[in-house]
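Everything on this sheet refers to the single structure shown next.
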Number of protein chains: 2
Amino acid sequence: MSDQSKRKKLSRLVPTVRDVAKRAGVSPATVSRALGDKAVVSPELRQRVQDAANALGYRPNAFARGLREGRSRIVALLVGDIEQSHFSSLTKHVQKELSAVGTDLLLHDLEHREDRLMHILRQAPALQLNGIVLASSDTISSAAATEIAAARNAGIPIVAAGQDLTWAGVPSVTYNERAAARHSVGQLLALGGAPCAYVGRVQGSAVGTERHRGYCDAHEAAGAPRDAALTWDVAYRYSAGRDAVNRALREGIAFRSIQAGSDELAMGALAALTDHGLRVPRDVRLVGFGNVEMSAHLRPALTTLSSHAEEMARCIHQALDSQWQGQAPQELVMIERGLVQRQSS
Amino acid sequence: MSDQSKRKKLSRLVPTVRDVAKRAGVSPATVSRALGDKAVVSPELRQRVQDAANALGYRPNAFARGLREGRSRIVALLVGDIEQSHFSSLTKHVQKELSAVGTDLLLHDLEHREDRLMHILRQAPALQLNGIVLASSDTISSAAATEIAAARNAGIPIVAAGQDLTWAGVPSVTYNERAAARHSVGQLLALGGAPCAYVGRVQGSAVGTERHRGYCDAHEAAGAPRDAALTWDVAYRYSAGRDAVNRALREGIAFRSIQAGSDELAMGALAALTDHGLRVPRDVRLVGFGNVEMSAHLRPALTTLSSHAEEMARCIHQALDSQWQGQAPQELVMIERGLVQRQSS
DNA sequence: CTGAAAGCGCTTACAG
DNA sequence: CTGAAAGCGCTTACAG
């Protein structure tokens, strides 16, 4: 099939402004104006155009519009790892927020790799993205910060979700991780949970670093000694939680409680404790992080720190929206986590 | 800032073919040809163009290209619910496959709602999507099938993932759900697990219906009587599994084993059994579906049926690729699930 | 209030 | 092998 005839065939199938214009007996310009609510078109004409558009099932070509307007109606969401509940939950709510305003979501799974982040950032201007939501828990290098700045200079609104990137000039929506961990660990220590271990990624994780700081704060506030051997710096995976506990038990490290950096880690830890015949919370108290749906269905049900994905998504949308309006968004929005008390602590 | 000056400013920041052409001392046409590997350009010129493009950090504008070529480099992935591990895992692997060939992924969470599906399908031609991956476990209505056909007629490649939509003319990649359930339930019955309950969505779920058929097959093959009161048709959620077991125990329905339609349901069921003082597998044998990462870390560790998200993603990519090449893809690809034997059965 | 025209940035027949 | 030209479909100053 020749390029010519293919085009003709497609134009039959997918109506354009010209088709609508012809049917309504007006010019393409009027169609465009009538369908975009802004311009002043006589009510009668607007109705005629809308009828024609509906009859034809007309949808403005997103690419022509994007090319002309210099921006798409697409926002990219960059997540650390879509398989982690925290990210899939955030994705769901961000998608919901944006689809309500006719914006599509381009999903990128960073796999916690900075080279993927760099690649996408470099691609962004060519995609004329209408926004980037950077939902990564990993510490950002200065090279990446430079790339972020470049994207911003190209006029792309950016919001950080989960970690505070205001130091790089990026408006951010975060949880108050440090306060949450401080509160939770403080309670563990008060309940007789010392020595208390922390399991979760610390080095290289901006979010993990904050949580671990809260863990340290709580020790300081309680005047409890802190042992470096009780910080188990591991990846955010079930198996890492299990392995860390196994190793500690094998090495004879004593602890009466564990603050995990995620519910997944806590579940892995629980499996290891159970395998060793230890009972939770009797022998070891255990607290997770994030209140993933699963945690309520563990036995013992997991005490954990709440998440507020819906609220976070709403704040992300707000931060994007102010940038779309040309206003400066609030620099930093911090959401508090609460302790969800269940059976494990 | 006027439209004019804004444009000028942006064109300074984001280089176009013209900028590259000027720098390399050639025409825009040559730039386009040199960068796209296909055309015949003298090696010397190609090098010069590539150098210029690199120096400027040039990326072809995706919208101009999409408009001109009549297709984007974007594939939409439609999932039932991104919070379910099955879908997030599939998303991750599909994303990986496609990003390797320079294709971006537009994610849509259907929330198991058909109106969302219809909406996206109608939008698809205007987005000039390069493909649609329909990963929904829900039964498709004939109205939706019509909409799918319309999208296909508009030239958009479509692949179904998870359920067999070949009846609607859509090439499909599925698991052999029926055989998997038959095998698993057959083993439960053989191990003395009768009466055996099935918990999971059946009505309205194409995938669930298949699994339930396998459950029935196994009973027939074993000559075991089947009781309708032992099919608990509930949503794919942790809480639904818990509630179904609670109800059955309250109503005094007897069962010695449970085949769950997902690992999440199995976990919910396990919680309820535990709360009632029942031991798994001693009192009740339990098998999940899908081998989600979590299932290995439950105690007792969950016996379940394997998933192969990576292979499925590869097959999806293949099916899209043949359509991109103008070839007919294999109608139906069926992936076998294996029984992952752990402690719960 | 409406239409004709220009142009967004790219790619590809069409000439040479 | 390379360049000039056309055109993808849309929107928006510019005239009227």
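Both backbone and side-chain heavy atoms feed into the values below; hydrogens, waters and symmetry mates do not. Throughout, protein chains are lettered first and strands after them, A, B, ... in sequence-line order, and every chain is numbered starting at 1.
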For this session: Apply ring-ring contact (aromatic ring centres under 6.0 Å, His included) to B:F63 and list each qualifying residue two or more places apart in sequence or on a separate chain.
Result: A:F63

For this session: Check whether the side chains of A:S72 and A:Q128 place a donor and an acceptor atom closer than 3.5 Å, and report yes or no.
Result: no

Seminar exercise, completed: Interatomic distance, NE2@B:H93 vs CD1@B:I316, rounded to 0.5 Å, equals 11.0 Å

Exercise. Which one, D:dG9, C:dC10, D:dT12, comes nearest to the side chain of B:N61?
Worked result: C:dC10

Problem set entry | 5′-ward residue of the pair A:R73/B:S42 relative to DNA chain D | B:S42

For this session: Kindly point out which of D:dG9, C:dT12, C:dC10 is positioned nearest to the side chain of A:A64?
Result: D:dG9

Exercise. Whole-Å distance between C:dC10 P and B:Q128 CD?
Worked result: 16 Å

Exercise. Given D:dT11, is OP1 or OP2 found less than 4.0 Å from the side-chain N or O atoms of A:S32?
Worked result: yes

For this session: Send over the distance from A:D19 CG to D:dC8 P, rounded to a whole Å.
Result: 12 Å

Seminar exercise, completed: Base-pair string, DNA chain C, Watson-Crick plus G-U, cut-off 3.5 Å on both distances, | for inter-strand, is |||.||||||||.|||

Seminar exercise, completed: The side chain to side chain contact (heavy atoms under 4.5 Å, CB included) partners of B:S99 (sequence neighbours excluded) come to A:R116, B:Q95

For this session: Could you state the atom-to-atom distance from CZ of B:F63 to C1' of D:dC8 in whole Å?
Result: 14 Å

Exercise. In Å, rounded to the nearest 0.5 Å, how long is the span from CD of B:E111 to CD1 of B:I82?
Worked result: 12.0 Å

So which protein nitrogen or oxygen atoms get under 3.5 Å of nucleotides 3-6 of chain D's nitrogens or oxygens?
from	atom 1	to	atom 2	distance (Å)
D:dG3	OP2	B:S27	N	3.2
D:dG3	OP2	B:S27	OG	3.1
D:dG3	OP2	B:T30	OG1	2.4
D:dG3	N7	B:R33	NH2	2.6
D:dG3	O6	B:R33	NH1	3.2
D:dG3	O6	B:R33	NH2	3.4

For this session: Between C:dT2 and C:dA6, how far apart are the P atoms? Round to whole Å, please.
Result: 23 Å

For this session: Please report, rounded to the nearest Å, how far the P atom of C:dG9 is from the CD atom of B:E69.
Result: 17 Å

Problem set entry | Sequence-distant partners of A:D81, side-chain hydrogen bond (donor to acceptor under 3.5 Å, both in side chains), two or more places apart | B:K92

Seminar exercise, completed: To the nearest angstrom, the CG-P distance between B:L67 and C:dG9 comes to 12 Å

Exercise. Among A:Q323, A:R73, A:E69, A:R71, whose side chain to side chain donor-acceptor pair (under 3.5 Å) with A:N130 holds?
Worked result: A:R71

For this session: Using the P atom as the reference point in each nucleotide, state the distance between C:dA15 and C:dT11 in Å, no decimals.
Result: 22 Å

For this session: Could you tell me the separation between the CZ atom of A:R71 and the P atom of D:dC10, rounded to a whole number of Å?
Result: 17 Å

Exercise. Taking atom C1' of C:dG7 as reference, at what distance in whole Å does atom CZ of A:R65 sit?
Worked result: 17 Å

For this session: Only pairs at least two apart or in different chains count here, so list each ring pair (Phe, Tyr, Trp, His ring centres under 6.0 Å) that has a residue in residues 122-173 of chain A.
Result: none

Exercise. Looking only at heavy atoms, what is the nearest atom pair of B:Q163 and B:S136, with distance?
Worked result: NE2-O, 3.0 Å

For this session: Figure out the CG/C1' separation between B:L127 and D:dC10, and round it to whole Å.
Result: 14 Å

